[in-house]
Amino acid sequence: MLKKTNKRIISMTMAFVMAGSCVLGALAEPTDSQAAKKPKLKTKSVSLYEGKKKTIQITGKRKKAKYTFKASNKKIKVSKKGVITAVKKGTAKVKVSETYKKKKKTIGTVKVTVKRMVYKITTPKVPETPAVSTPAASAPAQIIQTEAPTAEPTPVVRPTIEPAYETKTLDFDGSTSKVVESELTVPLEKAMIYGGLCTVTAEFTQETGSAQDISVGYDGIYLSFEKNGAFIDKDSLKDEAMSDAKSFSCPSGEKTKQEFTFEVPKYSKDFNLKFSGAGKFTVENVTVKTQPFASADYASMVANSTASTGNNARIKKAIAKAQAGEDVTIAYLGGSITEGFAASETDNSDCYAETSYKQFKKIFGAGDGSNVHFINAGMSGTPSSLGIVRYQRDVLDQMKTGEYPDILFIDFAVNDGNDADTYESVIRTALEQGSAVVLMFVLYTGGCAHEKEYTQYGKYYELAMVSPAMGMASCKKEEFDKWFYWIEGDTDTSYGHPDVGGHRYMADCITNMFLTIDQEEEEEDNITDVNEIAPKNSDKFQGMKTLVSSTDISQNPSVKSIDPGSFSERTDEAQSTLQYIKDGKENMQWFPDVWMHTSSTGSDSFKATINCRSLIVAYKMPSGTSSGKADCYIDGKLVGTMGGNGWNNAGLLRALQEDEVKEHELEIRMKNGDEKKPFTIFAIGYCD
């Protein structure tokens, strides 16, 4: 009986415990509303121009739920992932639904407005005073962007830029006609900045009683370059006068319409249009159309180059700050094209980076625009793995006001190899600091190697993207190349970097992006904390800092110690220099503060103790065979050998790449047998 009773008691107790557990479990298990917030639409309304895209943002998504998107009409398209594509001007709605545990319900509706962008090249009617001997400044040309009118045309006054090419009707002191006393010179240097095709259409009359010859032509100055296959030899420039003229017989007492096309040489300046005749004649309705080459519609090229305006919140904020007179900094981080290689005959003022900055400053800056600041952080041969090493030194340390740039242009899609992780790390570093990031896909030898690949990062983070290649899609490649690129050799088929025309085109592409964003409705910033967003590829090098021989390690607590050993020389004179002025100095070396080992400095290792999770060593790749090689160790383990021949560019070794920050010892030791050979450490990048 006792055993049976005990069994019964135990059974009842277990039943009670199990029942209690169920009750407690029921009380402890969260309901759907407690487990996660109800999904809500973060995006409630969208305003897009035709061809542009925008992703619908949903907060409080449930892991096992399915979300669907349905467009109300064909004015837009919407993908399975909620990406809206603007198709045709008008309005539409997107119904957003959630299916969860086999139950479907509507979350909300997104209102979409699609606008049409019309790009026109026009000239304001500012009196132009032609003169034979004293050139008068021509009226500035403008690119005006307006929303296409639906009924009565209503001009919208928007910020403008001066295009490199234009179509204009000449204004003679408020009149379209001009009486010419034997000769008339019309300064048009702003109508064609870099040479190209100039088509002149005009009507002529004369009353002399007999036919007379009238000549239409141009003159100007041609800049002659040495084609030496290397950097432009600026000391060898020659200014040569150029001219061309075409004549026709104009009958007396009749109005004659004529058209002339001139091929103005590349690298021309001081462009003037000239009319001349034996006697008095009248010229009227003079239209001048300039274009870089026959298949080019310059305005369309510029308009089509904005690949994406992305999430416009940060750029709109920068524009608003500039207009309000607050300090705004625009920085450009990239390679030789960003540095300005082949951009100008005398200085770096024609570089696309500096030109686009000046256009932004003129359009959006307050007063004289002195509140808008510029940083050029381009350096020849820079992939993004060197860019992330240089970012602190060449961007953040160059800030005159504030800590971080308001807008950062990233150009590495030409130089990169297997650098997608460092490319993304540059993006994430800038986004974490609050900068607006623009991906700039510059062109080299007819293309941009990683543009297609890197646009995926633009889409992932919703970044603005500028693609000059998209703008040239309708052009004949051979014509575009001859106009856009600097001819490196003695043939007409060898191309390399963009020259003055190419740089101006890229600058106008950037300004077009700014003007397009300026007309958009402001969005909410899609990134409040980039660290809450999983990297598309890698964030291993996000937040990298620069360490050079002049770094004050007392201000860098993560750097515990540095012993340069035999790498004790602080300068290496055999280096390339920057195209632009930096820190008020011309011809500054790429890396003025190095650690250099020489034949007379000994054989001791370079050692540094650093708290970090990743390390990249940038070292010199000299143009010769006399330099040595060095082995790199992390915590006593050999991780790579550095050295080799180049053109004094930087080689890169990814010495460490881990998930957690730990104390590590970096050692760089000359390879056995190379102790008497030179070796230079340019810089060290570390993430702490």
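- Judged purely by atom type and a 3.5 angstrom limit, Ser308 has no side-chain atom pairing as donor or acceptor with the backbone of Met465.
- Screening residues 326-338 for side chain to side chain donor-acceptor pair (under 3.5 Å) gives Asp327-His373, Tyr332-Ser356, Ser336-His497, Thr338-Tyr352, Thr338-Asp411 as the qualifying pairs, with residues at least two apart or on separate chains.
- Tyr357 pairs by the ring pair (Phe, Tyr, Trp, His ring centres under 6.0 Å) definition with Phe374, not counting sequence neighbours.
- Side-chain contact annotation: Thr306 with Asn512, donor-acceptor N/O pair under 3.5 Å present.
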Review item, side-chain donor-acceptor pairs of residues 452-459, under 3.5 Å, at least two apart:
unit_1: Glu453; atom_1: OE1; unit_2: His450; atom_2: ND1; d: 2.8
unit_1: Tyr454; atom_1: OH; unit_2: Asp416; atom_2: OD2; d: 2.7
unit_1: Thr455; atom_1: OG1; unit_2: Lys452; atom_2: O; d: 2.7

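- Looking at Thr199 and Thr261, their side chains do bring a donor and an acceptor atom within 3.5 Å of each other.
- The ring pair (Phe, Tyr, Trp, His ring centres under 6.0 Å) test applied to Tyr218 returns Phe262, Phe271, not counting sequence neighbours.
- Around NZ of Lys53, the count of heavy atoms belonging to other residues, nucleotides or ligands within 6.0 Å does not exceed 12.
- Of the possible polar contacts, none joining the Asn285 side chain to the Thr176 backbone as a donor-acceptor pair under 3.5 Å is found.
- Side-chain atoms of Glu339 do not come within 3.5 Å of backbone N or O of Phe341 as any donor-acceptor pair.
- For Asp270, the salt bridge (charged side-chain N to carboxylate O under 4.0 Å, His left out) test picks out no residue, with sequence neighbours left out.
- Looking at Glu520 and Lys316, no side-chain N of the basic residue comes within less than 4.0 Å of a carboxylate O on the acidic one, giving no salt bridge.
- Formation of a donor-acceptor pair under 3.5 Å by the Thr290 side chain with backbone atoms of Glu166 is found in this model.
- If you check the side chains of Asp508 and Gln359, you find a donor sitting under 3.5 Å from an acceptor.
- In this structure, Glu451 contributes its side chain and Ser467 its backbone to no donor-acceptor pair below 3.5 Å.
- The backbone N or O of Thr185 lies less than 3.5 Å from no partner atom in the side chain of Asn272, so there is not a single donor-acceptor pair.
- Checked against ring pair (Phe, Tyr, Trp, His ring centres under 6.0 Å), Phe204 has the following partners two or more places apart in sequence or in another chain: Phe248.
- Ion pair Lys54/Glu462 flagged as a salt bridge, since at least one NZ, NE, NH1 or NH2 atom sits closer than 4.0 Å to an Asp/Glu carboxylate oxygen.
- A donor-acceptor contact shorter than 3.5 Å is absent between the side chain of Glu479 and the backbone of Phe293.
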